[in-house]
Amino acid sequence: MNEPGSTRRDFLSGRSGIGDDANPSAEPSESPSGSRNDSRVLTTLSKPAMACWFEFLVDAQRFPRGPEFAQNALELVEEIEQELSVYRPMSHLSEVNRLAGNEPVQVSPRLLQLLATSLDVHSETNGAFDVTAGPLSKAWGFYHRKPSVPSREEIDLALSRVGSQFIELNREQSIVQFRKPGLEINLASIGKGFALDCCGDYLRRHGISEFVLHGGQSSVLAAGCQDRSQPENGWTIGLVHPVNPQARVGCVRLRDRALGTSGCQRQWLVHQGQRLGHVLDPRTGWPATHWLSVTVLAPSAGLADALSTAFSVMALNEVEKYCQAHREISAIIAGENAADSLRPEIHLFNLRNDDWQSENC
């Protein structure tokens with residue numbers, strides 16, 4: 001779940017703010033702040049984990065112990081990373097990857113939950129989401145942040161070691177086994193969202209019913225509302241423009257749900273005049289070139305993360321078909337506009353009119 005070169009400092013920072021002064025900067029999505037007409041105090045706690053910054057916003061006025069519980073939740077992220085990171089040789093996931101090709105392996109409740117969700121999304125998206133696609137990331141150099149175009153032979157070799165359909169999961173007995181040599185699970189495409197879900201569950205168990213949790217600014221989980229005078233509006237989250245990072249492409253309202261965004265702004269290379277990003281199609285072995293960015297709203301942050309990755313490599317009709325079959329899922333897809341590169345074409349699925357505001361929000 002983490003990536004090489006990430007900071008390992010045990011550092012936790014906190015700050016409080018009233019109204020818009022509590023709004024930190026962001027990239028794929030932006031944290032909300034309290035309404036100008038709302039006297040609440042939002043406290044922001046942050047910590048580096050999983051190769052990014054996690055930021056949690058809680059209302060310290062309504063929930064005096066909110067900052068304390070938010071700090072505990074941030075420490076939970078580190079615990080989850082210790083257990084489920086493929087980059088840590090002694091993690092539970094690394095142990096599973098070493099053994100499951102030869103024998104059945106008992107998995108923890110957390111890993112069981114993650115694998116069950118991952119395999120379900122893999123099946124429902126016809127393989128567009130695949131937690132065994134790590135060999136492709138290595139072949140393209142994105143794994144070590146040194147991208148280069150591999151040969152056809154290298155891609156074919158990597159594809160021979162990809163396939164979630166070869167993961168045999170006994171959900172009743174919490175046992176996993178690999179039915180294909182060389183298989184390896186990497187949860188980077190779902191891990192941050194899953195960590196937010198665990199933290200959200202922790203906060204709710206301790207009576208904190210209003211919060212916004214960010215994982216790397218691309219994964220968001222929101223509960224309650226931003227303005228108590230308009231509780232039906234939830235929280236307003238700004239989505240950063242996929243071409244111009246200084247602007248927004250729009251704003252979305254989150255009402256007790258999660259958001260996940262996938263894009264290729266961070267890692268990419270140019271090949272034969274075409275920009276190729278780090279989101280790889282596990283069915284073909286090549287980077288996805290369909291969309292500039294994909295944002296998914298879902299009941300859980302882990303599911304939102306997984307689907308934003310899957311939708312990034314799926315055609316528009318495939319996304320539409322999926323959303324028609326899953327009305328609880330919403331999607332905002334930004335595609336290139338040949339007439340104006342700074343005004344991407346926006347495709348919306350299962351969004352109410354008042355849930356989305358484009359550009360000047």
Side-chain angles (χ1 to χ4, degrees), residues 28-29 32 113-131 164 171 189-190 192-194 196-198 200-201 204 209-213 215 218-226 230-239 249-263 279 283 288 290-335 344-358 361:
S29 60
Q113 183 180 349
L114 261 174
L115 289 178
T117 299
S118 299
L119 295 183
D120 288 344
V121 176
H122 174 268
S123 175
E124 292 170 355
T125 61
N126 296 315
F129 178 76
D130 200 317
V131 292
S164 286
R171 305 188 188 201
S189 54
I190 191 174
K192 286 187 296 183
F194 176 76
L196 292 185
D197 291 330
C198 292
D201 289 342
R204 292 187 188 95
S209 58
E210 291 186 343
F211 54 78
V212 176
L213 312 181
S218 60
S219 303
V220 183
L221 178 65
C225 64
Q226 182 171 350
Q230 297 178 308
E232 70 281 0
N233 288 342
W235 296 84
T236 299
I237 307 295
L239 301 183
V249 72
C251 291
V252 63
R253 287 175 176 169
L254 284 186
R255 300 179 179 91
D256 295 310
R257 65 195 310 205
L259 174 155
T261 295
S262 290
V279 180
R283 302 167 297 183
H290 293 76
W291 314 115
L292 297 173
S293 69
V294 173
T295 297
V296 171
L297 279 63
S300 71
L303 182 58
D305 275 4
L307 288 175
S308 69
T309 300
F311 289 1
S312 293
V313 305
M314 292 165 65
L316 198 63
N317 65 318
E318 293 179 292
V319 175
E320 182 177 19
K321 183 178 179 181
Y322 184 96
C323 290
Q324 287 176 343
H326 301 81
R327 305 304 298 183
E328 75 281 9
I329 302 300
S330 305
I332 304 162
I333 297 181
E345 293 186 359
I346 303 297
H347 306 275
L348 304 177
F349 299 95
N350 291 347
L351 271 172
R352 298 187 339 185
N353 290 336
D354 60 349
D355 281 340
W356 170 253
Q357 182 179 351
S358 61
C361 50

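Side chains of Ser218 and Thr261: no donor on one and acceptor on the other come within 3.5 Å.
A salt bridge links Glu318 with Arg283; the closest basic N to acidic carboxylate O contact falls under 4.0 Å.
Judged by distance alone, with hydrogens and angles left aside, the side-chain atoms of Asp130 form a donor-acceptor pair with the main-chain N or O of Ser164 at under 3.5 Å. Between the side chain of Ser308 and the main chain of Asp305, a donor-acceptor pair closer than 3.5 Å is present. Trp235 places no side-chain N or O within donor-acceptor distance of the main-chain N or O of Leu221, the cut-off being under 3.5 Å.
Within the 4.5 Å cutoff, side-chain heavy atoms of Pro299 are placed close to those of Ile329. Thr125 places a side-chain heavy atom less than 4.5 Å from the side chain of Leu307. Val249 places a side-chain heavy atom less than 4.5 Å from the side chain of Pro344. Between Leu297 and Asp355 there is no side-chain heavy-atom pair separated by less than 4.5 Å.
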Acceptor/donor pairs from residues 319-328 side chains to any protein atom, 3.5 angstrom cut, sequence neighbours excluded:
unit_1: Tyr322; atom_1: OH; unit_2: Glu124; atom_2: OE1; d: 3.1
unit_1: His326; atom_1: ND1; unit_2: Tyr322; atom_2: O; d: 2.9
unit_1: Arg327; atom_1: NH1; unit_2: Asn350; atom_2: OD1; d: 3.2
unit_1: Arg327; atom_1: NH2; unit_2: Asn350; atom_2: OD1; d: 3.1

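One finds the CG atom of Leu351 at 5.0 Å from the CD1 atom of Ile332 (value rounded to the nearest 0.5 Å). Rounded to the nearest 0.5 angstrom, Glu345 CD and Leu292 CG are separated by 10.0 Å.
Heavy atoms of other residues, nucleotides or ligands lying less than 6.0 angstrom from CG of Asp354 number more than 12.
Contact record, Gly200 with Leu213: N-CD1, 3.7 Å, taken as the closest heavy-atom pair. Nearest approach of Arg257 to Ala298, heavy atoms of both residues: CB-O, 3.4 Å. Of all heavy-atom pairs between Trp291 and Ala315, the closest is CZ2-C, 4.4 Å.
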task: For the pair Arg171 and Leu119, evaluate side-chain contact (heavy atoms from CB on, under 4.5 Å) and give the outcome as yes or no after the intermediate values.
output: CA-CA 11 Å; Arg171 305 188 188 201; Leu119 295 183; 4.3 Å; yes
